[in-house]
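Before any comments, here is the structure.
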Amino acid sequence: MEENITPQEERVPQFKHVKAYENLDFLNSPAARTIRVHCEMLEPYYRLYPYSIRKTLVFFGSARTLPKIDAEEALARTHRKVNELPLSEAERRLRIAAAERDVANSHYYEMARQLAFDLTKWSEEHFSNPADRYYICSGGGPGIMEAANRGAYEAGGKSLGLGIHLPFEQKPNPFISPELDFEFRYFFIRKYWFLYLAHALIAFPGGFGTMDELFEMLTLVQTRKTPKKIPIVLFGREFWEKIINFNAFVELGYISPEDLDLFRYFDKVEDAREYIIREITTEMVESEKIPNRKDIEDMLQPHHLDPRRTHGGFR
């Protein structure tokens, strides 16, 4: 006896055929990890090229540092709340102390904002060609990162935000130039882009992330894995000397005395600004003295990234 013929609609495959590079299930699978890494390495080239961005001044610092006005408002709210809630005296003191600490730390936000403003203004006024300018670059989130992007925005310049996808805390701040707002999945690719275009690093007080990024940069400069001379500024001497005893590294023989010259402490915006400008302009002059040197600033290798070009007629 013949079997019943399955209706046409039931013979249609359940899986819709798609091209491999359009298969999001595959692209987000462990099997495609190397493809995702490759994309995060290359996609920023493609996005940065049209804006001729080749040189950045990188700001690191805590995502938890508040603007002065926000910290003061939060302190006032805390004073009101602790009187309304059924808290013990110890809990009241703890909450007020935390809010007062945020107010005390807020001057770092304002200093980062001012320093980014000043550096952006200087760059905009001294370089008519966008490819010669220095652009503020941050980790893209709140706190010191927001302050850096905010300062650049208020100075009328573009700035980058190299964000990272996290389950908490990190989200893009509103002062990043929209076309230069990046979000990375992998920390190590994000670190690559921090260094690749960096011509200075300014580290404000922060936590694990700030320490991680600072020591990554110090290691790359110390081991000369980057040919650039990158001035490293540690802003807030009291904080840094309290948190890290660099002299102990020398005393115990783990670093050389000259390694302490890889960074400088600063407490004033104007001093840090003048030091950074002096260092990066000196490096520009030194670079021009080298004969037959291919322009090292043309790092983006635009020919194969130019969206207007094709290769042999194929895309």
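These numbers come from the heavy atoms of this one structure, side chains and all, not from hydrogens, waters or symmetry mates.
- Taking the charged nitrogens against the carboxylate oxygens, Arg190 and Glu213 do have a contact shorter than 4.0 Å, which makes a salt bridge.
- Rounding to the nearest 0.5 angstrom, the gap separating the NE2 atom in His126 from the CZ atom in Arg133 is 12.5 Å.
- In this structure, Asn28 and Arg185 have side chains that are in contact, with non-hydrogen atoms separated by less than 4.5 Å.
- Among residues two or more places apart in sequence or in another chain, the ring-ring contact (aromatic ring centres under 6.0 Å, His included) test is passed with Tyr275 by Phe266.
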**OP:** Would you sort out whether Tyr109 and Glu146 count as a side chain to side chain donor-acceptor pair (under 3.5 Å), showing the intermediate values?
**Re:** CA-CA 8 Å; Tyr109 181 103; Glu146 177 186 288; 2.5 Å; yes
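- Under the 4.5 Å side-chain heavy-atom criterion for Ile, Leu, Val, Met, Phe, Trp and Tyr, Phe235 and Leu201 are members of the same hydrophobic cluster.
- Note on ring orientation: taking the six-membered ring where Trp is involved, the planes of Tyr196 and Trp193 are perpendicular (angle over 60°, cut-offs 30° and 60°).
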Original post:
Could you go step by step and tell me if Glu154 and Arg113 meet the side chain to side chain contact (heavy atoms under 4.5 Å, CB included) rule?
Top reply: CA-CA 9 Å; Glu154 291 170 339; Arg113 177 181 173 184; 2.8 Å; yes
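- Annotation: side chain of Pro231 is in contact with side chain of Ile280 (closest heavy-atom distance under 4.5 Å).
- Crowding of Glu238 atom CD: a count of heavy atoms from other residues, nucleotides or ligands under 6.0 Å not exceeding 12.
- Ala71 and Val103 get closest at one heavy-atom pair: O-CG2, 3.4 Å.
- For the pair Lys55 and Tyr134, the cation-pi test (distance below 6.0 Å, angle within 45°) is passed.
- Not one N or O on the side chain of Asp118 forms a donor-acceptor pair closer than 3.5 Å with the backbone of Leu115.
- A distance of 12.5 Å separates CD1 of Ile230 from CD1 of Ile276, quoted to the nearest 0.5 Å.
- Two residues are said to be in side-chain contact when any heavy atoms from C-beta on lie closer than 4.5 Å; Tyr51 and Leu180 meet this criterion.
- Around the CZ atom of Phe175, the shell of radius 6.0 Å holds more than 12 heavy atoms that belong to other residues, nucleotides or ligands.
- Put simply, the side chain of Thr56 gets close to the backbone of Leu197: a donor and an acceptor are under 3.5 Å apart.
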**OP:** Give the C-alpha distance, both sets of side-chain angles, the deciding distance and a yes or no for side chain to side chain contact (heavy atoms under 4.5 Å, CB included) between Ile35 and Cys39.
**Re:** CA-CA 6 Å; Ile35 298 172; Cys39 287; 4.3 Å; yes
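- Hydrophobic clustering, with ILVMFWY side chains joined whenever heavy atoms are under 4.5 angstrom apart, groups Ile244 together with Tyr108.
- Here Leu160 contributes atom CG and Asn149 contributes atom CG; the two are 8.5 Å apart, rounded to the nearest 0.5 Å.
- When every heavy atom of Asp181 is checked against every heavy atom of Pro172, the shortest pair comes out as OD2-CB, 3.5 Å.
- Under the 4.5 Å side-chain criterion, counting only non-hydrogen atoms from C-beta, His79 is in contact with Ile96.
- Between the side chain of Lys171 and the backbone N or O of Gly141 there is no donor-acceptor pair closer than 3.5 Å.
- Annotation: the span from Thr78 atom OG1 to Arg80 atom CZ amounts to 9.0 Å, rounded to 0.5 Å.
- Residue Phe215 is grouped with residue Ile164 when hydrophobic side chains (ILVMFWY) are merged at heavy-atom distances under 4.5 angstrom, including chains of intermediate members.
- Side chains of Glu251 and Asn247: a donor-acceptor N/O pair is absent below 3.5 angstrom, by distance only.
- Within 6.0 Å of the CZ atom in Arg47, the count of heavy atoms belonging to other residues, nucleotides or ligands exceeds 12.
- For the 3.5 Å distance criterion, the side chains of Glu241 and Tyr265 fail to qualify, holding no donor opposite an acceptor.
- Taking 4.5 Å as the limit, every side-chain heavy atom of Glu91 sits out of range of all side-chain heavy atoms of Val82.
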**OP:** Mind running side chain to side chain contact (heavy atoms under 4.5 Å, CB included) on Leu195 and Met217 for me, showing each step along the way?
**Re:** CA-CA 7 Å; Leu195 175 70; Met217 188 74 79; 3.2 Å; yes
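- The two residues Ala104 and His107 come nearest to each other via the heavy atoms O-ND1, 2.7 Å.
- Ser177 contributes a side-chain N or O that, together with a main-chain N or O of Ser159, makes up a donor-acceptor pair within less than 3.5 Å.
- Rounding to the nearest 0.5 Å gives a distance of 7.5 Å between CG of Leu57 and CH2 of Trp122.
- Not a single donor-acceptor pair under 3.5 Å links the side chain of His38 to the backbone N or O of Thr34.
- Side-chain atoms of Thr65 and Asn105 include no donor-acceptor pair closer than 3.5 Å.
- Across every non-hydrogen atom of Ala112 and Ala147, the tightest pair is CB-CB, 3.9 Å.
- At a threshold of 4.5 Å between non-hydrogen side-chain atoms, the residues Leu214 and Phe263 do not count as touching.
- Expressed to the nearest 0.5 Å, how far CZ of Phe60 lies from CE of Met211 amounts to 12.0 Å.
- Side chains of Tyr135 and Arg54: no donor on one and acceptor on the other come within 3.5 Å.
- In this structure a side-chain-to-backbone donor-acceptor pair under 3.5 Å is present from Arg92 to Leu87.
- Between Ala272 and Val233, the shortest heavy-atom distance links the atoms CB-CG1, 4.5 Å.
- No side-chain heavy atom of Asn173 sits less than 4.5 Å from a side-chain heavy atom of Pro142.
- Ile144 is connected to Leu166 through a chain of hydrophobic side-chain contacts under 4.5 Å among Ile, Leu, Val, Met, Phe, Trp and Tyr, so both are in one cluster.
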Original post:
Could you go step by step and tell me if Leu119 and Ile277 meet the side chain to side chain contact (heavy atoms under 4.5 Å, CB included) rule?
Top reply: CA-CA 8 Å; Leu119 291 170; Ile277 291 174; 4.0 Å; yes
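- The two residues Tyr46 and Pro50 make their nearest non-hydrogen contact at O-CD, 3.3 Å.
- No donor-acceptor pair under 3.5 Å is formed between the side chain of Ser123 and the backbone N or O of Thr120.
- A salt bridge between Glu110 and Lys68 is absent, with no side-chain N of the basic residue lying under 4.0 Å from a carboxylate O of the acidic one.
- A distance of 6.0 Å or more separates the ring centres of Tyr254 and Phe249.
- With a 4.5 Å cut-off on side-chain heavy atoms, Tyr186 and Arg36 count as touching.
- A salt bridge does not link Arg64 to Asp102: none of the charged nitrogens lies less than 4.0 Å from a carboxylate oxygen.
- Residues Leu252 and Leu218 fall within the same hydrophobic cluster, defined by Ile, Leu, Val, Met, Phe, Trp and Tyr side chains chained together at heavy-atom separations under 4.5 Å.
- With ring centers used as reference points, Phe204 lies 6.0 Å or more from Phe239.
- Heavy-atom contacts from other residues, nucleotides or ligands closer than 6.0 Å to CD1 of Ile243 number more than 12.
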